[in-house]
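Before any comments, here is the structure.
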Protein chains: 2
Amino acid sequence: MRTEGRAKRLPRAVRERQIMDAAVDVFSRLGFHAASMDEISEVAGISKPMLYAYLGSKEELFATCIRREATRMMEAIATGVEPDQEPDVQLWSGLRAFFGFVGENRTSWMVLHRQASTQGGPFAVELTDMRSRAVSLVAALLTQSTKAPATKLEAESLAAALVGAGESLAEWWLDHPEEPAGVVAARLMNLVWMGFGDLVDGNVWHPPSRR
Amino acid sequence: MRTEGRAKRLPRAVRERQIMDAAVDVFSRLGFHAASMDEISEVAGISKPMLYAYLGSKEELFATCIRREATRMMEAIATGVEPDQEPDVQLWSGLRAFFGFVGENRTSWMVLHRQASTQGGPFAVELTDMRSRAVSLVAALLTQSTKAPATKLEAESLAAALVGAGESLAEWWLDHPEEPAGVVAARLMNLVWMGFGDLVDGNVWHPPSRR
DNA sequence: CCTGATACCTACTCGTGAGTAAGACTACTG
DNA sequence: CAGTAGTCTTACTCACGAGTAGGTATCAGG
């Protein structure tokens, strides 16, 4: 497609955004190692030295992508959750927000989770950081429940399990895009709140207001 | 370490095993792209042309690794699960077997799950295949329960969610190796069988016989 | 002790991709 | 219409890794 000769002159801030978008796209499709700076620059519509001038090395660029997308996601969840509600309602709104974000930002989720979790070193750190923020959120929700699990450590583990289940269900969802976000969220909600023991007896959890 | 000049002469079958072990090790540590055939040959204690003579190209080698490890794991689970028992006991034994395998084969699990799931194309196929076998197993377990979830599709989804939770909890476990396998398994068992709704009320699930 | 055959090696080719040098175009500012 | 700051390019260097050519050591049977 290399049809254009010289790119339109644009202010740095705008170019940086374009480059970041292109980088997220390419990293999510090919993975960190298989992605090349040449391809990213081509997708971004500029030449390679611009990449290095603005965003530094390949590793720096990737880390920057991860941080940006992680922040976007945590903000989406934070604004979606409804505090001062019953624990189950809080959990429900959080799950809705999470799956809503993933559904509308599949590429972001890929580069954020699928790629970052497999590249060791500095990248995993960013991910771990975001995950632990999410875990603390859920753990707080659990300990706040009246008859909470005995130890604080126990709550943390359960929260980690739930967050892990969410991550992994989102991962699974990538391969089954036909399901709507609400359905996936409700499924996980039922699983973790009611448990199979209740579900096989026909006891299901319902959101407070049917839409 | 290149101290040895020429390797001890060994029959082909033995060398192939050594090479496979080395490949799983290196792939799990570095990932598919970052792993080099040079390093694999060095770890295996032979020279590069032997790799190509015995196991073909890098892609073939990787695919062979995945297939071997997936088979090993499914066999471990199949022999661990106790059929003709109550659903919860069956699930419990399956979880024990699964986490037992992962705990004793961390590198296998890494190359199998973490690496294969991120390299597109032929590799993901092997993984998907193994996962769907696991899902069918759990789905059968659920539909066999007396008052099972309404539709067959519903059971499949829940099974997928559970398998996903297991995968992801195992993933999480890689970063928290201090926890014993039984504890991790029990935690997931409680989460998915009782649900948070019961757990916050103090209702927990107990294995049939305390050891 | 010759003769395959099989295990094994050193030493290359060759493509690809990260990162850079050196300069050209545009636009504002005096 | 300089001069200078910021945008953007072509055209390299250089390292690393996949895959191979061509040869050497060791064993098994005659």
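Here the structure is a predicted model, which is why all the values come from computation and not from measurement. First the proteins, then the strands, lettered A, B, ... as listed; each starts at 1.
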Distance, rounded to the nearest Å, where L51(A) contributes CG and dT7(D) contributes C1': 14 Å
Flag the pair R72(B) and E75(B) as a salt bridge only when some basic side-chain nitrogen lies within less than 4.0 angstrom of an acidic carboxylate oxygen. no
For T143(A) and A140(A), which heavy atoms make the closest approach, and how far apart are they? OG1-O, 3.1 Å
May I ask you to test the M130(A)-R67(A) pair for a side-chain heavy-atom distance under 4.5 Å? no
Taking E82(B) for the side chain and Q90(B) for the main chain, is one N or O donor matched with an acceptor at less than 3.5 Å? no
Any donor-acceptor pair under 3.5 Å from N105(A) side chain to F101(A) backbone: yes
Phosphate OP1/OP2 of dG6(D): any Y54(A) side-chain N/O under 4.0 Å: no
Taking all non-hydrogen atoms of both residues into account, name the closest pair between Q115(A) and G31(A) and its distance. OE1-CA, 3.0 Å
Looking at five pairs on each end of the helix from dC1(C)-dG30(D) to dG30(C)-dC1(D), what is the angle between the two axes, given to 10 degrees? 10°
May I ask you to test the R12(B)-E16(B) pair for a side-chain heavy-atom distance under 4.5 Å? yes
Looking at I40(A), is its backbone amide N or carbonyl O close enough to the side chain of K48(A) to form a donor-acceptor pair, meaning the two atoms are under 3.5 Å apart? no
Per-nucleotide protein contact along nucleotides 17-22 of chain C, 5' to 3', at a 4.0 Å heavy-atom cut-off (B base, S sugar-phosphate only, - neither), is SBBBB-
Sequence neighbours excluded, which residues qualify as side-chain contact (heavy atoms from CB on, under 4.5 Å) partners of A159(B)? V135(B), V138(B), A139(B)
Please state how far atom CD in E60(B) lies from atom P in dA18(D), giving the value in whole angstrom units. 14 Å
Sub-4.0 Å heavy-atom contacts from residues 11-25 of chain B onto DNA chain C, ordered by number: R12(B), R15(B)
Check the distance between dC8(C)'s P and E42(B)'s CD and give it to me in whole angstrom. 17 Å
Is a side-chain donor or acceptor of S93(B) paired with a backbone partner of V81(B) at a separation under 3.5 angstrom? no
Taking the inter-plane angle between the rings of F62(A) and F32(A) on a 0 to 90° scale, is it parallel (under 30°), tilted (30 to 60°) or perpendicular (over 60°)? tilted
Protein-nucleotides 1-3 of chain C N/O pairs closer than 3.5 Å?
none

Round to the nearest Å and state the distance from L30(B) atom CG to dG17(D) atom C1'. 13 Å
Using the rule given for salt bridge (charged side-chain N to carboxylate O under 4.0 Å, His left out), can you reason through R29(A) versus E39(A), listing the C-alpha separation, both sets of side-chain angles and the distance that settles it, and then say yes or no? CA-CA 11 Å; R29(A) 287 203 327 268; E39(A) 173 146 9; 3.0 Å; yes
To the nearest Å, give me how far apart CZ (F62(B)) and P (dG19(D)) are. 14 Å
Aromatic contact, W109(B) with F99(B) (centres under 6.0 Å): no
M50(B) CE to dG23(D) C1', in whole Å, measures 15 Å
Output the rounded distance in Å from CD1 (I46(B)) to P (dC9(C)). 7 Å
Exercise: identify the closest heavy-atom pair between R68(B) and R17(B): NH1-O, 4.3 Å
Minimum heavy-atom distance G182(A)-W92(A), with the two atoms named: O-CH2, 4.1 Å
Spacing between L61(B) atom CG and dG19(D) atom P, to the nearest angstrom: 10 Å
Which nucleotides of nucleotides 24-30 of chain C have their base under 4.0 Å from a protein heavy atom (B), which only their sugar-phosphate (S), and which neither (-), written as one string 5' to 3'? BBBS---
Check the pair L127(A) / I66(A) against side chain to side chain contact (heavy atoms under 4.5 Å, CB included), numbers first and verdict last. CA-CA 8 Å; L127(A) 234 219; I66(A) 294 175; 5.5 Å; no
